[in-house]
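Heads up, the thing below is written out as structure tokens.
Just so you know, ligand 1 is whichever comes first in the structure, and atom 1 is the first atom listed for that ligand. Computed over heavy atoms, backbone and side chain alike; hydrogens, waters and symmetry mates excluded.
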Amino acid sequence: MKRFYLLICFLLTASITALAQTFTSKPKLVVGVVVDQMRWDYLSRYYDQMPYGGLKRLINDGYSINNCLINYVPTITAIGHSSIYTGTTPAYHGICGNSFYVDGEPVGCVADDNYQTVGSDTKRGQSSPHLLLASTIGDQLRLHTDFRSKVIGVSYKDRAAILPAGRSANAAYWMDNTAGCFVTSTYYMNELPDYAKDVNAQMAKNKEVKALGKDINLSPVCGHLITDMAIAAIKGENLGRNGTTDMLCVSYSQTDAIGHKWATRGQHTDEAYMGLDQDIKRLLSVLDAQVGHENYLLFLTADHGGAHNWQFMQDHKLNGGKWLYQDHQKQAEAYIAKKLHATKNVIKDITVYRIYLDHQSIAEQHLSVSDVKQCLTEYFRTAPNVVQVVDYEKLRTSSLPERQMNMALMGYHPRRSGDMLIIVEPGYYEYGDWSSPVGTTHGTWNPYDAHIPLLFYGWHIKHGESSREVHINDIAPTICQMLHIQQPNACSGEAILEVMNSAAAH
Ligand code: ZN
């Protein structure tokens with residue numbers, strides 16, 4: 001009997017110790033990698049061509065979530081980066097596009113002229129996360145450790161460095177392609193640290209960088225420079241060696257610029273992903289050396305995917321085409337002018353499938369908003385390649401299928417998302433003056449835009465894969481659960497149990 005009690009005592013102590021260990025054991029560094037416009041199917045498309053060491057190491061040794069979907073529309077860069085790191089969607093984090101309107105006023109998602117550029121003489125650093133309404137993983141990490149954790153964002157685009165890192169981040173660095181160097185904003189600091197100055201000094205001497213000039217983001221070289229800066233931050237800030245868990249948010253943007261220019265197929269896109277693979281390999285080898293394999297927790301995902309080029313689709317008898325939103329705006333205005341006798345324009349903007357009405361103009365002309373919306377519904381009912389247009393305020397009573405309705409709701413912020421949403425046919429995409437005829441874009445609900453890769457690797461992650469559907473806003477609660485820290489303050493996702501289980505079983 002005594003032996004039995006001893007055994008029970010031993011088992012209880014062991015389980016309490018094990019539980020305590022899960023609460024106290026933490027990775028030294030969390031690394032988030034976001035690849036702009038990376039479709040999920042690129043992982044299998046390029047798998048055989050990739051040598052082991054980069055993406056293949058993450059797939060072969062890490063945990064792959066094969067059905068991670070974006071659960072809001074529109075599927076746009078700034079929204080994706082914000083949703084990954086806040087664990088919520090525009091309805092709560094408020095970042096409704098790369099640029100959008102707040103109470104009718106146009107804004108850039110991170111533009112903020114209260115701050116100055118640090119690192120160059122241009123205005124490219126006048127940015128901050130002031131429009132981000134929710135905390136990020138990094139913010140929660142800083143709160144949890146009384147701000148001892150260091151959190152740093154690095155990218156080519158300001159929004160892709162600033163939004164992932166969050167409001168309380170120590171630093172965010174992005175590229176000024178007019179000056180040919182990395183910059184930051186006085187929001188973070190008044191002078192670049194020496195390690196960032198060193199990267200800029202190397203860039204100034206780099207003939208390839210000089211030759212590419214403003215088009216640096218159309219080359220894999222852009223990714224190599226982002227990696228240089230990320231590595232400089234790891235070493236310069238001693239990330240993973242500060243006694244608490246640090247976080248590095250790296251976003252690769254060249255893949256998006258290359259996709260917009262040359263779409264999903266061909267030499268440029270192949271080279272972009274082979275270049276990215278080298279970047280991931282180099283980043284992992286530095287993390288191994290600086291922080292130690294098993295001491296860092298890394299995830300890789302994307303902010304959205306991308307459609308195949310419309311002409312490529314048509315050439316292969318598949319459905320797709322240009323959706324000329326600027327023409328539709330003009331024609332819709334003409335329809336409203338005729339129908340309601342409006343003498344001034346009533347549409348402020350049609351952007352990423354959203355209609356922003358000019359409420360001031362509507363009021364001045366003594367028109368009713370509901371009449372304008374009714375006219376737009378009538379116009380778009382017969383407009384080519386439109387499935388339907390819905391009133392954001394009447395989504396729940398619309399005839400949208402449930403999935404699209406939920407995506408519209410999750411993407412809707414009443415003061416920032418405009419008035420109506422247009423759903424176009426599969427394969428069709430927004431095409432404007434800026435569009436490359438052989439390129440592509442993104443923004444719709446469709447799987448080619450919404451299905452993103454999600455790989456977890458490193459600390460307490462075992463090899464495995466799951467094909468259960470999860471969502472972009474499930475990433476942050478998963479990381480926070482593993483770190484035993486509170487979820488971001490508007491988190492609406494759920495921790496991905498498959499990943500958790502693999503961590504617990506370690
Ligand atoms: Zn993007």
> Ser120 and Asp176: side-chain hydrogen bond (donor to acceptor under 3.5 Å, both in side chains), yes or no, with the steps?
Replying inline: CA-CA 8 Å; Ser120 82; Asp176 176 347; 2.7 Å; yes
> Relative to the ring of His328, is the ring of Phe380 parallel (under 30°), tilted (30 to 60°) or perpendicular (over 60°)?
Replying inline: tilted
>> To make sure I understand the geometry: which N, O or S atom in Asp303 is closest to the Zn ion (ligand 1)?
In response: OD2
> Between Thr89, Thr86, Asn71, Asn473, which is the residue that forms a side-chain hydrogen bond (donor to acceptor under 3.5 Å, both in side chains) with Ser492?
Replying inline: Asn473
> Given atoms NE2 of His304 and OG1 of Thr77, what angle do they subtend at the Zn ion (ligand 1), to the nearest 10 degrees?
Replying inline: 110°
> Strictly under 2.8 Å, is any N, O or S atom of His81 next to the Zn ion (ligand 1)?
Replying inline: no
> Within 45° of the ring axis of Tyr195 and under 6.0 Å from its six-membered ring centre, is that where the NZ or CZ of Lys235 lies?
Replying inline: no
> Which of the N/O/S atoms in Asp36 sits closest to the Zn ion (ligand 1)?
Replying inline: OD1
